[in-house]
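Model, not experiment: these values are computed from the prediction. Each chain gets a letter, A, B and so on, in the order the sequences are listed, and its residues count up from 1.
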Number of protein chains: 2
Amino acid sequence: MKFAKIPMATITRLSVYMRTLQDLLEDDVDVISSERLARLCGVNPAQIRKDLAYFGEFGVRGVGYRVGDLLGQIKEILGLTRRWNLAMVGLGNLGSALIRHANFLKHGYMFTAAFDVDPQKVGKRLPNGLVINHVNEIEEVVKEREVNVGLITTPASAAQSVANQLVLAGINGILNFAPVQIQVPDCCHVENVDFTISLDTIAYHLSVSS
Amino acid sequence: MKFAKIPMATITRLSVYMRTLQDLLEDDVDVISSERLARLCGVNPAQIRKDLAYFGEFGVRGVGYRVGDLLGQIKEILGLTRRWNLAMVGLGNLGSALIRHANFLKHGYMFTAAFDVDPQKVGKRLPNGLVINHVNEIEEVVKEREVNVGLITTPASAAQSVANQLVLAGINGILNFAPVQIQVPDCCHVENVDFTISLDTIAYHLSVSS
DNA sequence: CAAATTATGTGAATAATATCACATAACTAG
DNA sequence: CTAGTTATGTGATATTATTCACATAATTTG
Ligand SMILES: NC(=O)c1ccc[n+]([C@@H]2O[C@H](COP(=O)([O-])OP(=O)(O)OC[C@H]3O[C@@H](n4cnc5c(N)ncnc54)[C@H](O)[C@@H]3O)[C@@H](O)[C@H]2O)c1
Ligand SMILES: NC(=O)c1ccc[n+]([C@@H]2O[C@H](COP(=O)([O-])OP(=O)(O)OC[C@H]3O[C@@H](n4cnc5c(N)ncnc54)[C@H](O)[C@@H]3O)[C@@H](O)[C@H]2O)c1
């Protein structure tokens with residue numbers, strides 16, 4: 001089943017499976033069936049098998065999946081067996097909270113640069129040891145420190161301009177927390193995170209069901 | 001086109017349209033075409049028209065949509081013409097950053113309760129004036145302050161137990177930031193926010209395209 | 001007041017995604 | 001070594017979501 005076009009939805013689920021498998025591994029579970037894993041991940045068992053089938057055969061029929069093996073395979077598929085260097089742009093409320101979050105490290109991500117425009121912030125040292133650079137140093141610092149992915153946590157009004165600078169610096173992955181749609185060339189992959197959308201979804205559900 | 005089953009994806013897009021319309025309104029744009037709105041939101045124009053058609057006819061043929069009108073209609077659809085009371089559970093890094101975020105207010109959401117287990121935190125007053133309660137007061141406080149939605153920003157290990165308490169207190173909407181799938185009865189709607197999934201997606205894209 | 005223009009609303013076509021259902025393979029027990 | 005059991009891998013099917021393409025209605029222009 002190789003060489004088929006991989007659904008986007010499959011990739012996001014692989015990430016969910018990975019997290020669950022990590023927990024299972026820590027709990028010394030060494031084999032798991034698609035059925036049990038599906039329950040833990042909140043999906044259909046056949047979905048898991050289909051998702052994995054795009055990349056190969058990782059299970060043992062009549063038995064299930066070896067937790068450690070499958071975890072390793074998924075990491076391989078997602079490209080998480082290497083390190084990814086991150087840059088945070090906008091060290092306000094959210095940016096600071098995120099950069100303090102040690103959990104990223106566990107997953108192979110590492111912040112190697114931080115940028116802001118606020119002269120009060122530029123030059124300051126963050127808890128993780130990083131010194132905040134000015135945004136107009138993005139190109140230089142990104143290249144020097146081999147940053148792969150940029151996280152945008154500036155106000156919405158600054159997001160597009162920051163994105164432009166990141167792209168110019170050669171970055172081709174952006175995680176955007178500002179509630180605007182940013183425009184980038186095809187070479188750059190953007191993911192948006194906006195939990196006000198999720199809140200709105202909840203509001204809708206509560207409204208219609210009451 | 002009324003009474004059809006509404007796709008989930010439509011609801012999340014309505015939320016995106018809403019934000020863009022809000023920006024347009026602030027910029028004193030008073031009419032917009034599906035084509036221009038689509039470009040701003042990063043979707044297909046027909047998609048916008050289809051999405052809206054589930055709920056009625058809000059545009060003027062040959063002209064477009066009146067920004068203020070459409071904004072009002074979408075708010076009505078999503079149930080955002082009223083106030084929604086929120087409770088934050090887990091006032092660590094992330095929870096504190098979120099609760100400080102004034103933008104929620106603008107959209108009709110208001111934090112009316114905050115909970116933690118840490119005795120160091122219980123009793124403390126947050127910047128917005130809220131005093132942190134102990135988690136075992138959830139049921140009482142949630143009912144008293146008419147909380148509609150709970151936000152979970154505790155460590156993953158505590159998320160399920162917190163969810164149980166919220167459900168017991170009568171809450172039927174949860175926004176979960178912990179990277180676990182929580183189990184709740186059908187009466188409760190859960191949305192998960194996990195940006196490590198988005199990061200993983202970026203890693204995958206960078207891996208396959210290089 | 002036609003004719004031209006514009007952009008909505010929507011049925012039909014297409015594409016993407018999820019689920020079913022079962023043949024297949026591994027393991028277990030007698 | 002055979003029969004029974006279990007759970008994977010996958011073609012077929014069902015469901016859901018997106019895009020096309022055009023009839024329709026409002027507006028503007030000559
Ligand atoms: N904080 C939250 O809980 C939350 C929730 C949802 C969405 N968001 C979004 O995340 C973004 C950040 O939110 P926040 O609460 O951290 O805001 P904030 O105002 O606390 O921080 C923004 C930071 O960006 C910096 N900045 C401004 N312009 C810049 C530029 N051109 N280049 C680099 N840095 C620049 C500012 O100096 C500041 O440090 C916003 O777009 C917001 O809408 C935040
Ligand atoms: N901070 C981030 O940037 C980030 C990023 C991704 C995911 N997350 C997730 O968000 C959650 C919170 O992250 P954080 O960085 O704020 O962690 P944190 O440790 O800073 O905060 C957790 C808070 O929850 C409280 N808590 C623990 N058990 C509790 C319980 N049973 N009831 C109520 N409160 C309880 C703790 O006292 C603490 O105040 C975690 O699940 C984390 O994985 C955070």
Side-chain angles (χ1 to χ4, degrees), chain A residues 1-17 20-21 24 29-71 73-74 77 181 197 201 204, chain B residues 1-17 20-21 24 29-71 73-74 77 181 197 201 204:
Chain A
M1 281 307 81
K2 292 256 169 165
F3 303 123
K5 209 175 82 317
I6 316 295
M8 239 349 254
T10 290
I11 301 305
T12 64
R13 279 190 301 265
L14 285 178
S15 178
V16 174
Y17 306 157
T20 303
L21 289 167
L24 289 168
V29 177
D30 49 68
V31 172
I32 192 155
S33 66
S34 59
E35 186 165 330
R36 237 165 48 80
L37 184 58
R39 220 186 338 268
L40 291 170
C41 297
V43 301
N44 180 297
Q47 184 78 82
I48 294 187
R49 301 198 296 273
K50 251 287 144 74
D51 285 339
L52 296 174
Y54 286 111
F55 302 96
E57 306 196 0
F58 306 120
V60 184
R61 296 187 185 201
V63 179
Y65 300 90
R66 297 207 53 90
V67 173
D69 284 3
L70 185 56
L71 181 56
Q73 295 282 3
I74 294 182
I77 292 166
Q181 190 65 27
I197 294 176
T201 306
Y204 171 77
Chain B
M1 273 300 81
K2 290 260 168 162
F3 303 123
K5 211 173 83 313
I6 316 295
M8 236 353 250
T10 289
I11 301 304
T12 64
R13 278 190 301 265
L14 285 179
S15 177
V16 174
Y17 305 157
T20 304
L21 289 167
L24 289 168
V29 176
D30 48 67
V31 171
I32 191 156
S33 66
S34 60
E35 187 164 330
R36 242 168 42 83
L37 184 58
R39 221 187 338 269
L40 291 170
C41 298
V43 302
N44 180 295
Q47 184 79 81
I48 293 187
R49 302 199 294 273
K50 252 285 142 77
D51 285 338
L52 296 174
Y54 286 111
F55 302 97
E57 306 196 359
F58 306 120
V60 183
R61 296 187 186 202
V63 180
Y65 301 89
R66 296 206 55 87
V67 173
D69 285 3
L70 185 55
L71 181 56
Q73 294 282 2
I74 293 181
I77 292 164
Q181 190 66 26
I197 293 176
T201 306
Y204 170 78

(message) Please check this pair: side chain of A/Ser15 against backbone of A/Ile11, looking for a donor-acceptor N/O pair closer than 3.5 Å.
(response) no
In whole angstroms, how far is the [atom2] atom of [N] from the [atom1] atom of [X]?
| X | N | atom1 | atom2 | value |
| --- | --- | --- | --- | --- |
| B/Ile48 | D/dT19 | CD1 | P | 11 Å |
| B/Tyr54 | D/dT16 | OH | P | 11 Å |
| B/Phe55 | C/dG9 | CZ | C1' | 15 Å |
| B/Leu52 | D/dT18 | CG | C1' | 15 Å |
| B/Arg66 | C/dT8 | CZ | P | 14 Å |

(message) Looking at D/dA7, I'd like to know if its phosphate oxygens (OP1 or OP2) sit under 4.0 Å from a side-chain N or O belonging to A/Ser34.
(response) no
(message) If you compare every side-chain N and O of A/Tyr65 against the phosphate oxygens of D/dT6 (OP1, OP2), does one of them come in below 4.0 Å?
(response) no
(message) Suppose we screen for salt bridge (charged side-chain N to carboxylate O under 4.0 Å, His left out). Which residues come up paired with A/Arg13, at least two apart in sequence or across chains?
(response) A/Asp51
(request) Report yes if some heavy atom in the side chain of A/Asp69 is under 4.5 Å from a heavy atom in the side chain of A/Phe58; otherwise report no. (result) no
(message) Within the 4.5 Å heavy-atom criterion, are A/Leu37 and A/Val43 side-chain neighbours or not?
(response) no
(message) I want to verify a distance call: between C/dA26, D/dT27, D/dT8, whose nearest atom is closest to the A/Ser33 side chain?
(response) D/dT8
(request) Search all heavy atoms of A/Thr10 against all heavy atoms of A/Tyr54 and return the closest pair with its distance. (result) OG1-CE1, 3.7 Å
Pairs under 3.5 angstrom, nitrogen or oxygen only, protein versus nucleotides 17-24 of chain C, please.
residue, atom, partner, partner atom, Å
C/dA18, OP1, A/Arg13, NH1, 2.9
C/dA18, OP2, A/Arg13, NH1, 2.9
C/dA18, OP2, A/Arg13, NH2, 2.8
C/dA18, O5', A/Gln47, OE1, 3.4
C/dT19, O4, A/Lys50, NZ, 3.3
C/dC20, OP2, A/Asn44, ND2, 3.4
C/dA21, N6, A/Arg49, NH2, 3.3
C/dT24, O2, A/Arg61, NH1, 2.9

(message) Quick one, B/Leu70 with B/Tyr17, criterion side-chain contact (heavy atoms from CB on, under 4.5 Å). Give me CA distance, side-chain angles, the key distance, then yes/no.
(response) CA-CA 9 Å; B/Leu70 185 55; B/Tyr17 305 157; over 6 Å; no
